[in-house]
Amino acid sequence: MGLLDIFVAALMPVLKVLLLTALGCGLAIDRVDILGEDARKHLNNVVFFVFNPALVVSNLGGFITYKSVAILWFMPLNILLTFIIGSVLGWMLIKYTRTPHSLRGLVLGCCAAGNLGNMPLIIIPAICKERGSPFGAADTCYLHGMAYASLSLAIGAIYNWSYVYNLVRLYSRSSSTGAEENDSRSILLSIDEDDNQFAGEKTELLPLQESSPKEDHVDQLKERVSFVEKPKVSILDRVNRCLRVTLRKINPRKLFAPSTIGAIAGFAIAIIPQLRKALIGDSAPLRVLQNSASMLGDAAIPTVTIVMGANLLKGLKGSVIQLPVVMGIVAVRYVALPMFGILIVRGGVFLGLVKLDPLYQFVLLLQFALPPAMNIATMTQMFEVGERECSVIMLWTYALASVALTFWSAFFMWLVA
């Protein structure tokens, strides 16, 4: 396969996303006004509660099996590394650019969370169907590629709606109350209060007795010293207290977003043979449930892409977000993370942690070079914070994805083939 064929195979999926994005932007202009602000909010709720969970559960149940979960164990670790490295780089960007507190969750989310679901589900089938694909026969490539993309979608949904969702929620809540550092201060104050309570138990004052003024003065000094001195608390105790306070802030119930529940159900169908036989297959007695979920899930990708295009209209009108912040996010997603990805994936192949399948290696590498997750725009609209800034970030990152993602896809295909 020549370089030109690789470039064309990498370009076609990106052009599909750009065309749907342009359609959404056109539907949102004032003259058309089909996707106005209220319509976008209602569509976001439908995507959040219906389309995304259906997409996750139908793809996991249809393409993932118990054996594939055991073989593809490195992918969840690979995705976790993208979030960790992206979060570290995002925090460095926040400190360097002095990003406003209300936008820190948005910046961290854009640096950490890539479009791990929609883009692989668009890119991989399109590459498999291209003539001269480096991944073998089209049918085999499609079957294996959809399994890899489905697992990427499920793991990405769990991380997005458990980590990024709570980041945006915490920063939006603290900014709306006007306290820029309530969360970190409350954690420290809670720990100090626990220490003070523990110290108070050890420093109860004795009953007053008759004594000379000099003795009273000495006793008062001893009492002050005993009150100031705190018993030494072990590091483990402080870590436990910090975790307890953090869990109270995060509210673990919010971790189980509809997409997360869909991922759990999908894994259950994939792993439990009885459920799989009842739901998956032409002769399955409950196949109508799987088919219905698949029909709903098919609407998720075009709907999210069109809504994202409509949201980009705000970005075209300008925003107060700093240009270094946007350029920093672009550099993190399209320069730094792909380089880390090459080192991690090639290192995994060298150590025998990653199986010698070119398509599987391509998917692992692609996870480091994707634009920010589209669901971040849904989160900002749900909490009504940073919507215009998110539109600017998405506008630039997805506009540059036509070049960056095409280049990295072509380079990764050449690297693994």
Side-chain angles (χ1 to χ4, degrees), residues 17-18 20-22 24-25 27-29 35-45 47-48 52 83 86-87 89-91 93-94 97-119 156-157 159-161 163-176 257 259 303-334 370-401:
V17 175
L18 292 179
L20 289 177
T21 302
C25 189
L27 294 176
I29 61 177
L35 282 180
E37 186 173 355
D38 292 336
R40 292 198 299 272
K41 288 183 178 179
H42 292 315
L43 265 181
N44 277 328
N45 287 329
V47 170
F48 178 71
N52 273 343
F83 274 76
S87 298
L89 295 175
W91 188 252
L93 176 64
I94 286 173
T97 59
R98 298 181 181 179
T99 306
H101 189 270
S102 59
L103 301 179
R104 290 183 179 181
L106 172 62
V107 174
L108 284 173
C110 289
C111 291
N115 195 337
L116 296 165
N118 299 350
M119 294 302 289
Y159 289 157
N160 278 330
W161 293 105
Y163 175 65
V164 179
Y165 176 83
N166 280 287
L167 275 180
V168 177
R169 181 179 67 88
L170 286 174
Y171 280 106
S172 64
R173 186 177 62 181
S174 62
S175 63
S176 63
S259 295
T303 303
V304 171
T305 309
I306 291 174
V307 171
M308 187 198 69
N311 290 332
L312 295 184
L313 191 63
K314 293 182 179 180
L316 293 173
K317 297 178 181 179
S319 173
V320 297
I321 191 170
Q322 304 171 6
L323 183 60
V325 175
V326 179
M327 293 297 101
I329 294 173
V330 170
V332 168
R333 295 235 56 99
Y334 296 142
L370 296 170
M374 294 181 184
N375 289 324
I376 297 176
T378 304
M379 298 172 192
T380 58
Q381 286 193 341
M382 292 175 64
F383 298 109
E384 297 181 351
V385 59
E387 295 180 54
R388 190 177 296 273
E389 291 79 4
C390 182
S391 299
V392 175
I393 293 172
M394 294 296 175
L395 174 64
W396 282 101
T397 52
Y398 277 84
L400 293 175

How far apart are the C-alpha atoms of Leu108 and Trp91, what are their side-chain angles, what is the distance that settles it, and do they pass the side chain to side chain contact (heavy atoms under 4.5 Å, CB included) test?
CA-CA 7 Å; Leu108 284 173; Trp91 188 252; 4.2 Å; yes
Please test Leu400 against Tyr334 for side chain to side chain contact (heavy atoms under 4.5 Å, CB included), starting from the C-alpha separation and ending with a verdict.
CA-CA 9 Å; Leu400 293 175; Tyr334 296 142; 4.2 Å; yes
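No side-chain heavy atom of Cys110 sits less than 4.5 Å from a side-chain heavy atom of Thr397. Contact annotation: the side chain of Leu106 approaches that of Thr380 to within less than 4.5 Å [non-hydrogen atoms, C-beta and beyond]. Considering only heavy atoms from C-beta on, Leu43 comes within 4.5 Å of Leu35 through its side chain. In this structure the side chain of Cys111 never reaches within 4.5 angstrom of the side chain of Leu89, judged on heavy atoms. Side chains of Ile376 and Met394 form a contact here, defined as non-hydrogen atoms less than 4.5 Å apart.
Between Tyr163 and Phe83, the ring planes are perpendicular. Angles over 60° get that label, and only those under 30° would be called parallel.
Within the model, atoms CZ of Arg104 and CG of Leu170 stand 13.5 Å from one another, a figure rounded to the nearest 0.5 Å. How far OH of Tyr159 is from CG of Leu116: 10.0 Å, rounded to the nearest 0.5 Å. Remark: Leu103 CG to Ile393 CD1 distance equals 7.5 Å, nearest 0.5 Å. Put simply, OG1 on Thr97 and CE on Met327 are 12.5 Å apart, with the number rounded to the nearest 0.5 Å.
A pairwise comparison of heavy atoms in Arg98 and Gln322 identifies O-NE2, 4.2 Å as the closest pair. Looking at every heavy atom in both residues, Ala112 comes nearest to Arg333 through C-NH1, 3.8 Å. Looking at every heavy atom in both residues, Trp161 comes nearest to Asn52 through CZ2-ND2, 4.4 Å. Ala113 approaches Val164 most closely through the heavy-atom pair CB-CG2, 3.7 Å.
The closest donor-acceptor contact from the side chain of Arg40 to the backbone of Val307 lies at 3.5 Å or more, if one exists at all.
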